[in-house]
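Nothing fancy with the numbering, it's 1 onward along the sequence. Note that the coordinates shown come from a computational prediction; the quantities given were computed from them, not determined experimentally.
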Amino acid sequence: MRVAVCDPGIADTGVIAYDTASRAIVDAATFRTSASGPRPGFEATLARASGQVDRVLEFMRDNGCEMLVAEGYEDIQGPQRGAKHRWTTPLMLGILSERCGSVVWQSPVMVMTSYRDHKAAWKAGFHNIVEGDEMLTNDHLRSCGCHLLAWESSR
């Protein structure tokens with residue numbers, strides 16, 4: 001079975017395809033968008049969110065992924081870096097939830113230890129934590145890798 005793991009965001013979304021039989025990452029992509037102004041309105045943000053979801057679903061189809069593991073947003077609190085417009089990512093997650101057949105939601109807090117340890121290792125150039133992890137070339141993809149490790153350890 002193939003699983004997609006997603007670090008969702010309106011501006012940047014990371015997604016990886018993981019093959020459970022070979023226990024390897026087989027593909028990775030980062031989808032980027034930019035706002036049309038300093039403070040985009042709801043309709044523009046809705047269009048960006050929908051576009052990001054389209055890209056994730058296309059990636060899943062292209063890689064034969066049957067399920068999505070995605071970072072939820074329910075327990076992110078306080079002034080977070082990059083969380084200026086806190087409603088935009090939940091908007092995208094709502095669209096993703098409605099359009100994707102099978103989603104496993106993960107709490108960001110659930111993977112913080114894994115994230116800190118493994119992200120630091122990957123950023124320092126250590127690989128083979130997961131087969132294919134040399135494809136984790138930015139923070140969004142490394143976040144996906146950490147969510148993958150948390151999901152894999154919970155199975």
Side-chain angles (χ1 to χ4, degrees), residues 1-20 24-77 79-112 114-116 118-120 122-123 129-130 132-152 154:
M1 174 173 81
R2 287 207 175 164
V3 175
V5 183
C6 181
D7 176 43
I10 296 291
D12 302 293
T13 293
V15 64
I16 60 177
Y18 177 73
D19 185 87
T20 59
I25 296 169
V26 295
D27 198 4
T30 304
F31 306 120
R32 301 182 192 283
T33 67
S34 60
S36 59
R39 184 168 244 182
F42 182 77
E43 288 182 14
T45 302
L46 181 60
R48 286 176 72 196
S50 185
Q52 290 290 58
V53 169
D54 288 344
R55 291 175 186 98
V56 170
L57 295 176
E58 182 178 353
F59 179 90
M60 289 179 69
R61 279 190 300 274
D62 290 350
N63 284 286
C65 297
E66 300 173 32
M67 183 176 76
L68 179 69
V69 175
E71 178 181 18
Y73 207 74
E74 67 280 359
D75 59 3
I76 294 180
Q77 298 175 4
Q80 301 292 325
R81 181 181 67 85
K84 187 175 182 182
H85 303 292
R86 295 175 47 85
W87 60 275
T88 61
T89 299
L91 174 68
M92 179 184 166
L93 295 176
I95 297 167
L96 192 58
S97 177
E98 189 271 327
R99 292 181 57 201
C100 185
S102 179
V103 182
V104 173
W105 297 106
Q106 284 188 323
S107 160
V109 170
M110 179 179 125
V111 297
M112 290 311 284
S114 171
Y115 182 79
R116 183 187 65 238
H118 290 96
K119 184 179 160 189
W122 283 319
K123 201 169 192 176
I129 296 170
V130 176
D133 65 8
E134 67 277 357
M135 290 184 256
L136 307 181
T137 57
N138 62 50
D139 281 350
H140 304 287
L141 296 176
R142 288 186 281 269
S143 179
C144 289
C146 293
H147 281 279
L148 167 65
L149 293 171
W151 175 78
E152 187 65 85
S154 71

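A search for side-chain contact (heavy atoms from CB on, under 4.5 Å) contacts involving Met60 returns Ala4, Val56, Leu57, Cys65, Leu68, Cys100, not counting sequence neighbours. Applying the side-chain contact (heavy atoms from CB on, under 4.5 Å) rule to Leu46 yields the partners Phe42, Leu91, Ile95; only residues at least two apart in sequence or on another chain are considered. For Asp62, the side-chain hydrogen bond (donor to acceptor under 3.5 Å, both in side chains) test picks out no residue, with sequence neighbours left out.
Distance check: Met92 CE to Cys6 SG gives 5.0 Å after rounding to the nearest 0.5 Å. Taken to the nearest 0.5 Å, the SG atom of Cys144 stands 11.5 Å off from the CG atom of Leu149. One distance of note links NE2 of His147 with CZ of Arg142; it measures 14.0 Å at 0.5 Å rounding. The distance from atom CG of Leu148 to atom CD1 of Ile129, rounded to the nearest 0.5 Å, is 11.0 Å.
Arg48 contributes no side-chain N or O that, together with a main-chain N or O of Ala44, makes up a donor-acceptor pair within less than 3.5 Å.
Each side-chain hydrogen bond (donor to acceptor under 3.5 Å, both in side chains) pair with one or both residues in residues 8-20, not counting sequence neighbours, appears once here: Arg2-Asp19, Asp12-Arg32, Thr13-Gln52, Tyr18-Glu152, Asp19-Ser22. Annotation: side-chain hydrogen bond (donor to acceptor under 3.5 Å, both in side chains) contacts involving residues 94-104, sequence neighbours excluded, comprise Asp54-Arg99.
The two atoms that bring Ala29 and Leu141 nearest to each other are O-CD2, 3.3 Å, heavy atoms only. Of all heavy-atom pairs spanning Ile25 and Asp133, the tightest one is CD1-CA, 4.0 Å. Heavy-atom minimum distance, Thr89 versus Pro8: CG2-O, 4.0 Å. Closest of all the heavy-atom pairs between Asn138 and His140 is OD1-N, 3.0 Å.
Taking the side chain as every heavy atom from C-beta outward, Trp151 and Val3 approach each other to under 4.5 Å. Taking the side chain as every heavy atom from C-beta outward, Arg55 and Thr33 approach each other to under 4.5 Å. At a threshold of 4.5 Å between non-hydrogen side-chain atoms, the residues Ile16 and Leu136 count as touching.
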Worksheet entry | Criterion side-chain contact (heavy atoms from CB on, under 4.5 Å) on Trp105 and Leu93, from CA distance to verdict | CA-CA 10 Å; Trp105 297 106; Leu93 295 176; 3.6 Å; yes

